[in-house]
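For reference, the structure is listed below as structure tokens.
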Amino acid sequence: MKVGELEGVGPKSVPLFRELGVETSHDLLDYLPFRYEDLRYPTPSNALGSSGGEENAVGTVSHVKERRVRGLEIVEVRLRDDAGEFTAKWIGRNRYVYGRFKEGMRLFVRGRVERTLAGAVINVTQYASLREGEAYHGEMVPVYRASKDLTTRKIASVVRKNLPRLLDEADDDPLPDDVRAKASYPALRDAYRAVHAPRTPEEAQQARERFIFTEFLVLAAGAQLRRAERERSHDASALTIPHDLLEQFAGSVGFPLTGAQRRAIGEIWEDMARDVPMNRLLQGDVGSGKTLVAAAAIVLAARNGMQSALMAPTEILASQHASKLAPLLLPFGITVEAVFGSQAAKARNAAEGRIASGEALLAVGTHALITGSVDFARLGLAIIDEQHRFGVEQRARLRAKGVAPHTLHMTATPIPRTLAQSVYADLDLSTIDELPPGRTPIETYAIRTSRLGRAYEFVEANVARGHQAYIVAPAIDEESELTSVIAEAERLKSDVFPERRIGLLHGRLSSREKDEVMGRFVRGEIDILLATTVVEVGVDVPNASVMVVLDALRYGLAQLHQLRGRVGRGAAKSFCLLVYPDDAGETERLGILTDSTDGFVIAEEDLRLRGAGEFAGTAQSGAADLWIADLVRDIDVYRVAKTEAQAIIAGDPTLRRPEHAALRAALERAPSTRALVLSS
Ligand code: ADP
Ligand code: MG
């Protein structure tokens, strides 16, 4: 049913509801209040003012004092209850209370309480008059997320008027009866009633938890189901691992592998030796040496006569991968074939020919890899770099180029372990938590904006020594000069670094223009690159040794860490300067960055400070799309739900039993983006 068909929703309200994401009666049912006002009990007048929040009182009017001052109504009503006297006060324009109250009336009032010498004074936010002899029956009033033109009151009234009809529209309960009984959660319709029209706060809370639990159950069951399906499919190639291959590989790279790299290679190879397709995420900080691990996987595939594909989000990243991989793979007779959108037709055709014949054992490219013209003879391994930058379908299309290829996802955005396991419930996780030895850590300083001039002198000094620098500004075309890359670029060119070659990179450039600017920076034709956060992911310019981030408090810690990772990739000592406003109060967050360069430590802190919904890694992964659950706040509920999901899928691996039909239906209804992001 469309909301327009509900009682109390006229044609004018329909678009207002739509703005809040509510189009159907079902959406409205799922539009849960985020808090309640407890109007159930009046406080006796002699106890008013102890809660600090809004309080309720009921009394009989003994005196009314009112005046108008330049359009302002000031109405003070003295009220009496069994415990004594108190005052209710209205001040404001258009409150329509002037002349409304008479001695002897009974009133309910609610508001924040001030204690004065003359007793308690309530600054009224809500009131109602009670008929003579009418007993006061207060309720729990739901508060909904509202908009300027659609108030919570209006939403509450529509919900209240239509509640029985709305409840009729509820789906079958996805929560199986036995699981529900075990947790003593209310039935679905009772739970909806209890969140929209609770009798007690406890009832509302319990219903809410039931929805959180169910949301997690559906999520976890979906991931389990896909894992079970994958485990049943024995259509991947089980690769043979020659006994001396690891030592051969390690011997050919020219430096010892770190322990974390060996472990990751071991985990990946073990997966690839099974006939069940691998689905593994390799996470590791920038510079932790993921490329090498990917190379080892490619070598194993090649030894078994299988081709590999590596897809990266931009041409620059893809070509950097190609040039880093080539020397690692050459000793194993593997040549790299590149497939880019900007490639000349002739070169592209030749590359595609070698991929189709099976001669090319590795194809590296962008989205161009998943176009129709690319065909693999025997694709055995699909590697997806910065996996969150690709859509579900794009990732699926790469896999579809082979028969159940093993899949390796890579990310440089470390996600805390607990969170990763729940977010990526269907992915196995390999973590590189150790940097190669001999790195000089990036020195990081937080500095006030008034010292920006000194920061730029420091940049100049480094550029004069032949290095390059990044300056990151938050946005384009903003009011504040400091935060506008375009304005800042002009200023830098004319006033600050007149001698230097300055490049400008921001999100309004086409991807071709971006690649062009980045290319010039990579080749050293630009000294200072002024950029928005589009520069964040993966680019490797070893000659860049300074990163300045303007207005650094705007960013999350994980994002700042990513930005910082653009420098410190060469032999020279590198620096990161985080610039914050002089009047900023809180700089604790920046302190975490100046103290640590460990991406996992920073990710944990970011998570702690911001919660899962805002956490960069999860926003990218789709976990932020959760309806009411929060993976950090509700992690305990999640654990129980995950265990229950495991038990359900273990006993009914395809969810064919009638008692699981509703759960299955809920899984099928779940937004595909969310479900699939979690699976792949
Ligand atoms: P990531 O892709 O994780 O950001 P890379 O694979 O690009 O990191 O590696 C970063 C740099 O570290 C490269 O120059 C690489 O040659 C070097 N490197 C990788 N592994 C090791 C190691 N075990 N010892 C020394 N240097 C290494
Ligand atoms: Mg890399």
Side-chain angles (χ1 to χ4, degrees), residues 246-268 280-299 308 310-314 316-332 334 336 362 364 383-389 408-415 420 429-442 470 518 522 535-545 547 558-574 576 597-600 602-603 617:
L246 185 60
E247 290 326 308
Q248 255 186 57
F249 180 76
S252 76
V253 296
F255 39 71
L257 303 178
T258 63
Q261 281 171 323
R262 277 183 181 268
R263 197 175 57 239
I265 293 172
E267 289 164 353
I268 290 166
R280 184 169 284 276
L281 174 69
L282 175 64
Q283 61 166 353
D285 227 330
V286 272
S288 60
K290 293 183 293 294
T291 311
L292 213 107
V293 174
I298 295 164
V299 166
S308 301
L310 189 159
M311 183 164 72
T314 67
I316 301 254
L317 285 175
S319 64
Q320 285 192 340
H321 274 302
S323 53
K324 279 201 242 169
L325 283 167
L328 293 167
L329 298 174
L330 198 64
F332 298 88
I334 304 165
V336 183
L362 171 64
V364 173
I383 304 176
I384 299 162
D385 189 29
E386 301 302 342
Q387 43 100 24
H388 53 266
R389 298 268 301 265
L408 180 66
H409 311 263
M410 302 203 290
T411 180
T413 308
I415 293 178
L429 195 63
S430 288
T431 299
I432 311 191
D433 50 8
E434 178 188 357
L435 289 183
R439 295 276 164 82
T440 356
I442 302 164
Y470 295 94
M518 234 14 254
V522 170
V535 79
E536 195 177 344
V537 181
V539 208
D540 192 3
V541 182
N543 190 45
S545 65
M547 162 65 67
Q559 201 178 8
L560 288 170
H561 179 65
Q562 278 290 310
L563 287 170
R564 173 167 65 178
R566 297 307 97 221
V567 296
R569 302 174 75 90
K573 178 158 187 62
S574 292
C576 176
T597 51
D598 181 333
F600 287 93
I602 290 161

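The shown structure was predicted, so the numbers you read here are calculated from the model rather than taken from an experiment. For ligands, and for the atoms within them, numbers begin at 1 and follow the listed sequence.
Judged by distance alone, the side chains of Thr411 and Gln283 never bring a donor and an acceptor atom under 3.5 Å apart.
Residue contact annotation: Met410 has no non-hydrogen atom under 4.0 Å from ligand 1. In this structure, Gly284 falls outside the shell of residues with a heavy atom less than 4.0 angstrom from ligand 1. The closest approach between any non-hydrogen atom of Pro256 and ligand 1 is below 4.0 Å.
Contacts between Leu257 and ligand 1, counted as non-hydrogen atom pairs separated by less than 4.0 Å, involve the backbone only. For Asp285, every heavy-atom contact with ligand 1 shorter than 4.0 Å involves the backbone, none the side chain. Contacts of Ala412 with ligand 1, taken as heavy-atom pairs under 4.0 Å, are absent altogether.
Every atom of ligand 1 with a heavy atom of Lys324 under 4.0 Å away is listed here by number and element: 5 (P), 7 (O). Annotation for ligand 1: atoms under 4.0 Å from non-hydrogen atoms of Thr258 are 23 (N). Within ligand 1, the atoms closer than 4.0 Å to a non-hydrogen atom of Arg569 are 4 (O), numbered from 1 in the order shown. Atoms of ligand 1 lying under 4.0 Å from at least one heavy atom of Thr291, given by number and element, are 2 (O), 5 (P), 6 (O), 7 (O).
Checked by atom type and distance alone, the side chain of Glu434 pairs as donor or acceptor with a backbone atom of Ala260 at under 3.5 Å. A donor-acceptor distance shorter than 3.5 angstrom exists from the side chain of Ser574 to the backbone of Gly568, with no hydrogens or angles considered. The main-chain N or O of Ile432 is never found under 3.5 Å from a side-chain atom of Gln261 such that the two would form a donor-acceptor pair.
Between Lys290 and Asp285 there is no salt bridge, since none of the side-chain N atoms of the basic residue sits less than 4.0 Å from a carboxylate O of the acidic one.
Across Ala297 and Ile268, no two heavy atoms sit closer than the pair CB-CG2, 3.9 Å. Residues Tyr470 and Val541 come closest through the heavy atom pair OH-CG2, 3.7 Å.
The only member of Leu310, Ile384, Asp385, Ile383 that meets side chain to side chain contact (heavy atoms under 4.5 Å, CB included) when paired with Leu408 is Ile383.
Close N/O approach between Gly287 and ligand 1 is found [any backbone or side-chain N/O within under 3.5 Å]. Residue Gly289 places at least one N or O, backbone or side chain, under 3.5 Å from an N or O of ligand 1.
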